[in-house]
Amino acid sequence: APLSGARVNVGCGPAEQRLLLTGLHSVADIFCESCKTTLGWKYEQAFETSQKYKEGKFIIEMSHMVKDNGWD
């Protein structure tokens, strides 16, 4: 399903449980709708109380960020 808002070129895959450095989370990969490259993930659910703030947030891997107009 497409993500809401202006991110119409980004899709979201099915959620799955992954053990990350900060504990067990339910995450879904996000990807480019045009080329299907995985860009990062969305936190669907955090299983540890201290990680609940991540729910609904997105991670885009730095390797997929484009430096334009001289970011510092």
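These numbers come from a predicted model, not from an experiment.
A 4.5 Å side-chain heavy-atom check between Ile30 and Ile60 finds at least one atom pair inside the cut-off. Here the side chains of Cys12 and Glu44 are in contact, with some heavy-atom distance below 4.5 Å. Between Asn9 and Phe31, the closest side-chain pair of non-hydrogen atoms is not below 4.5 Å.
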Report all side-chain donor-acceptor pairs from residues 45-53 shorter than 3.5 Å, counting only partners two or more places apart or in another chain.
unit_1, atom_1, unit_2, atom_2, d
Gln51, OE1, Lys54, NZ, 2.6
Lys52, NZ, Ala46, O, 2.8
Lys52, NZ, Glu55, OE2, 3.3

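For residues 10-30, the set of pairs meeting the salt bridge (charged side-chain N to carboxylate O under 4.0 Å, His left out) definition, not counting sequence neighbours, comprises Glu16-Arg18, Arg18-Asp29.
Nearest heavy-atom pair across Ala28 and Gly13 is CB-O, 3.3 Å. When all heavy atoms of Glu33 and Gly11 are compared, the pair lying nearest together is OE2-CA, 3.5 Å. Considering every non-hydrogen atom in both Val27 and Trp41, the closest pair reads CG1-CD1, 3.8 Å.
In this structure, Val10 is a member of the same hydrophobic cluster as Phe58, with clusters built from ILVMFWY side-chain heavy atoms closer than 4.5 Å.
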